[in-house]
Amino acid sequence: MKPFLAHMNPQQQQAILANGGPILVVAGPGSGKTRVLTSRIAYLIAELGVHPYHIMAVTFTNKAAREMESRLINMLGKLPPGLTLGTFHATCARLLRRESDNLPFKSDFVIYDQEDQIELLKLAIGDLNLDPKRYKPTWAQHAISNAKNALILPDNYPVETYRDEALRRIYQRYQELLLINNALDFDDLILWTVFLLENNPEIRQRYASRFEHILVDEFQDTNVAQYLLLRYLASHHRNLFAVGDADQAIYRWRGADYRNVLRFQEDFPDAQIIPLEENYRSTQAILDVAMAVISHSPGRIPKNLFTQKGQGHKVTFFEAYNNHREVEYIADTILSLKRELGLQWGDFAVMYRTNAQSRLLEEAFLRAAIPYKLVGAQRFYGRREVKDMIAYLRLVRNPDDELSLTRVIATPPRGIGEKTFLALRTLALQKDLSPGAYLLEIGKNPNALPAEAFPERGRASLLTFSAMLHQWVSMGSSFPPLAIMDRILEDIGYRSYIDDGSEEGQDRWENVMELRRLAAEFPEPGLDAFLEQVALVSDQDTLEGGANAVTLLTLHAAKGLEFPVVFISGLNDGLLPHSRSFDDPEAMWEECRLLYVGITRAKERLFLTCSQNRSAYGYEEPIPPSRFLDYIPYHLLDEVQPRRISSRHSSKGYNLLEEVARKRESPNPPAERRYQAGMRVQHPIWGEGMVLNSVLQDGDEIVDVYFAGLGLKRLLASMAHLEIKV
DNA sequence: ATGGACAATGTTTTT
DNA sequence: CATTGTCCAT
């Protein structure tokens with residue numbers, strides 16, 4: 001047997017060996033999709049003799065890309081030279097730099113992250129004399145990002161209200177500012193690539209014929225722009241191999257559109273669909289709970305997940321009096337499980353909906369002396385001191401970057417305030433220069449600064465700064481990033497600026513040193529590679545496994561990971577589902593999928609916890625249990641403390657516990673159908689529908705209901721809270 | 001130009 | 001409650 005087929009089940013083999021053409025691999029959680037993806041690449045290269053140059057594999061995270069890299073090295077002995085393997089954004093950035101002759105920006109553009117975007121938007125809003133309180137930069141950022149993900153430019157931004165028009169102008173001005181700064185934001189990387197391919201048939205043809213095989217990971221997370229990008233790239237050979245799972249689509253709010261899975265099937269009617277249904281991760285008990293939760297999600301393709309790991313331990317449910325008791329329970333349980341089962345700290349993970357929930361857990365863990373690591377809460381690259389240093393390096397690389405310039409000038413304060421800077425800016429614009437370019441000019445030749453234009457103090461500050469800037473820039477292309485960084489650190493006395501002796505100050509300096517270590521990994525002269533890396537790498541990628549500590553992380557951050565023991569905390573209405581999604585059914589189902597993702601991270605043991613009261617913002621308030629708990633049949637759970645009957649359910653005249661109690665008394669309730677074809681029924685979420693069919697099974701009734709606009713749903717009568725309409 | 005006092009606000013965040 | 005941003009006085 002070929003090495004890349006060893007230990008593969010028939011479905012996996014089918015996917016790996018599939019002939020060309022469009023292929024959609026529907027990969028359930030824990031079904032070995034990364035193995036399939038990498039094995040297929042190995043197969044294409046080693047068996048079919050496809051040159052790696054003709055293969056492109058795209059992922060969403062650097063971590064996923066690196067994971068594939070190392071597996072390929074394992075299988076093939078080395079990374080195939082010429083292979084295109086990377087994130088959407090990194091791949092597009094590379095392509096855009098190569099093709100910048102056909103684009104309105106220079107090949108050495110900088111990449112703005114979300115924080116930079118907000119800063120730039122503040123400028124744009126200011127330029128238009130709009131009230132930043134009415135037009136919040138964060139709002140605008142969201143709207144513009146959505147527009148870009150849907151390939152909408154300012155010119156065709158839909159305007160229905162005055163507000164839309166204002167937003168459209170902000171968007172327009174924002175794009176202008178980006179070009180002036182020779183910068184692209186994250187969304188631009190995809191957007192411009194799509195436009196490049198769309199508008200230049202000959203470039204499109206070049207890439208489309210180059211990439212004989214295109215493989216995509218986490219296909220359900222693609223947005224419209226990314227989907228079109230793939231379609232263009234695959235337009236010649238049509239060998240698009242997409243792996244995804246709509247049940248794990250949790251990034252809708254970021255523009256991801258799992259309906260791309262449907263579009264794919266429309267655009268490629270001959271697409272082969274290969275399901276991967278064997279789960280290698282979780283016990284049956286965990287899988288049962290996962291299936292119970294996700295089966296309520298409307299419009300999904302039913303999957304038949306199974307595992308050979310055996311039944312395993314029942315999923316534990318604990319309802320605490322309040323969230324303090326809840327975290328104590330989690331800490332206590334971790335301690336006793338570790339002792340009883342001989343587990344490592346690293347075997348445990350605690351998940352929650354919002355980062356704010358981690359604080360109480362941290363406190364409880366500190367008290368219990370449990371070592372923990374927090375994923376992603378305060379981003380390394382988002383740290384002020386790190387962003388400061390990156391601004392310096394970016395400025396050296398691209399002096400036109402005014403955003404970085406203003407940041408650099410203000411940190412540390414060097415006597416150049418708003419007034420002085422504005423005067424400088426005006427002078428620069430008169431000379432048709434960016435302020436940064438003008439400062440460089442002055443650095444070379446101090447006489448370029450008109451003596452009469454500034455008061456003595458401001459003038460002196462400007463001269464000092466421009467001289468430093470000039471020095472740094474002249475180092476730019478001939479020294480490695482580390483040398484430039486050290487020089488800057490020394491010139492500006494950065495350590496004494498941020499390290500005030502406090503613990504926080506020391507932390508900050510530590511972070512600067514960490515960045516310095518990263519810079520040291522780029523020994524070549526030129527900042528380009530380092531800055532690109534820094535711009536397109538996130539902290540999720542820096543999450544090192546192995547560290548012997550309990551992992552605390554949001555449900556979002558948990559995707560793609562697995563742990564022997566998982567706690568999902570805060571299963572309360574308002575947290576999960578989050579209150580912000582109450583009025584939007586789509587968002588609501590995304591919350592449900594989020595829970596599903598969390599559940600399916602667990603290998604051996606799963607604990608679901610909630611609390612009856614929650615203190616937040618200073619006050620303790622009652623908080624209802626998550627409505628998703630109703631989706632889990634009682635017999636699948638092991639309750640540590642009997643759950644109190646919540647008024648929410650009984651008020652509806654229907655109660656899960658009563659139902660369960662009734663079932664317990666008579667394991668086989670009267671075999672009688674309540675629903676019949678033709679009946680109209682009311683569902684709490686989907687509204688009114690018509691019963692098409694109903695059958696009895698295991699003492700429960702399985703009802704097929706057609707809902708207008710949603711289609712046919714298969715429901716469990718005991719779970720669905722259906723009301724018969726007369 | 002800079003720091004201190006007050007008000008506003010409160011999801012998730014692959015790149 | 002705790003963090004973040006804005007305004008104002010020095």
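Excluded from the calculations below are hydrogen atoms, water molecules and symmetry mates; all remaining heavy atoms, backbone and side chain alike, are included. All chains are named by letter (A, B, ...) in the order of the sequence lines, taking the proteins before the strands, and each is independently numbered beginning at 1.
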Handout entry: ring centroid sep under 5.5 Å plus plane angle under 30, A:H578 with B:dT11
Key = yes
Practice task
To the nearest Å, give me how far apart CD (A:Q141) and P (B:dT13) are.
Solution key: 15 Å
Handout entry: Spacing of A:K136 atom NZ relative to B:dG10 atom C1', expressed in whole Å
Key = 12 Å
Practice task
Quick one: label A:D113 by what it contacts on the DNA or RNA (base, sugar-phosphate, nothing), any heavy atom closer than 4.0 Å.
Solution key: nothing
Practice task
Specify the separation, in whole Å, of atom CG of A:N62 and atom P of B:dT13.
Solution key: 17 Å
Exercise for the section: Tell me whether the OP1 or OP2 atom of B:dT11 has a side-chain N or O from A:N355 closer than 4.0 Å. Expected result: no
Handout entry: A:R593 CZ - B:dT12 P separation (whole Å)
Key = 18 Å
Handout entry: Nearest-Å distance once atom P is located in both B:dT12 and C:dG5
Key = 15 Å
Practice task
Starting at the 5' end of nucleotides 2-7 of chain C, put B wherever the base has a protein heavy atom under 4.0 Å, S where only the sugar-phosphate does, and a dash everywhere else.
Solution key: SS---S
Handout entry: Between C1' of B:dT14 and CG of A:L555, the distance in whole Å
Key = 15 Å
Exercise for the section: Look at the side chain of A:W253 and decide which nucleotide, out of B:dT14, B:dT13, B:dT11, has an atom nearest to it. Expected result: B:dT13
Practice task
Please confirm whether the backbone N or O of A:N181 pairs with a side-chain atom of A:N398, one donor and one acceptor, at under 3.5 Å?
Solution key: yes
Problem - Candidate nucleotides B:dT9, B:dT13, B:dT11, ranked by approach to the side chain of A:T354 - the nearest - result: B:dT11
Practice task
Between A:T420 and A:E590, just flag the one whose closest nucleotide in DNA chain B comes earlier from the 5' side.
Solution key: A:T420
Practice task
Name the orientation class of the two ring planes belonging to A:H556 and A:W253 (parallel below 30°, tilted from 30 to 60°, perpendicular beyond 60°).
Solution key: perpendicular
Practice task
For A:Q357 and A:T354, run side-chain hydrogen bond (donor to acceptor under 3.5 Å, both in side chains): C-alpha distance rounded to whole Å, both residues' side-chain angles, the deciding distance at 0.1 Å, then the answer.
Solution key: CA-CA 6 Å; A:Q357 291 168 258; A:T354 68; 3.0 Å; yes
Fill in the blank from the handout: Ranking B:dT9, B:dT14, B:dT13 by distance to the side chain of A:T61, first place goes to B:dT14
Problem - SB check A:K33 A:E218 (cutoff 4.0 Å) - result: yes
Problem - A:A90 or A:R414, whichever maps to the more 5' nucleotide of DNA chain B - result: A:R414
Exercise for the section: Nearest whole angstrom, please: distance from the P of B:dT14 to the CG of A:D245. Expected result: 20 Å
Practice task
Just compare B:dT11, B:dT9, B:dT2 and give me whichever is closest to any side-chain atom of A:R353.
Solution key: B:dT11
Problem - Minimum-distance nucleotide to A:T554 side chain [options: B:dT13, B:dT9, B:dT14] - result: B:dT13
Exercise for the section: Could you work out the separation of C:dT3 and B:dT14 based on their C1' atoms and round it to a whole Å? Expected result: 26 Å
Exercise for the section: Verify whether one side chain among A:D388 and A:Y494 offers a donor that lies under 3.5 Å from an acceptor in the other. Expected result: yes
Exercise for the section: Report yes or no: is the cationic atom of A:R252 (NZ for Lys, CZ for Arg) closer than 6.0 Å to the six-membered ring centre of A:Y258, at no more than 45° off its axis? Expected result: no
Practice task
Check side-chain hydrogen bond (donor to acceptor under 3.5 Å, both in side chains) between A:D113 and all other residues, then give those that pass, not counting sequence neighbours.
Solution key: A:K387
Exercise for the section: Among the candidates B:dT14, B:dA1, B:dG10, find the nucleotide nearest to the side-chain atoms of A:R580. Expected result: B:dG10
Problem - Sequence-distant partners of A:F241, ring pair (Phe, Tyr, Trp, His ring centres under 6.0 Å), two or more places apart - result: none
Handout entry: Protein-nucleotide distance (A:I409, atom CD1; B:dT2, atom C1'), rounded to Å
Key = 17 Å
Handout entry: Between B:dA1 (P) and A:I416 (CD1): distance, integer Å
Key = 10 Å
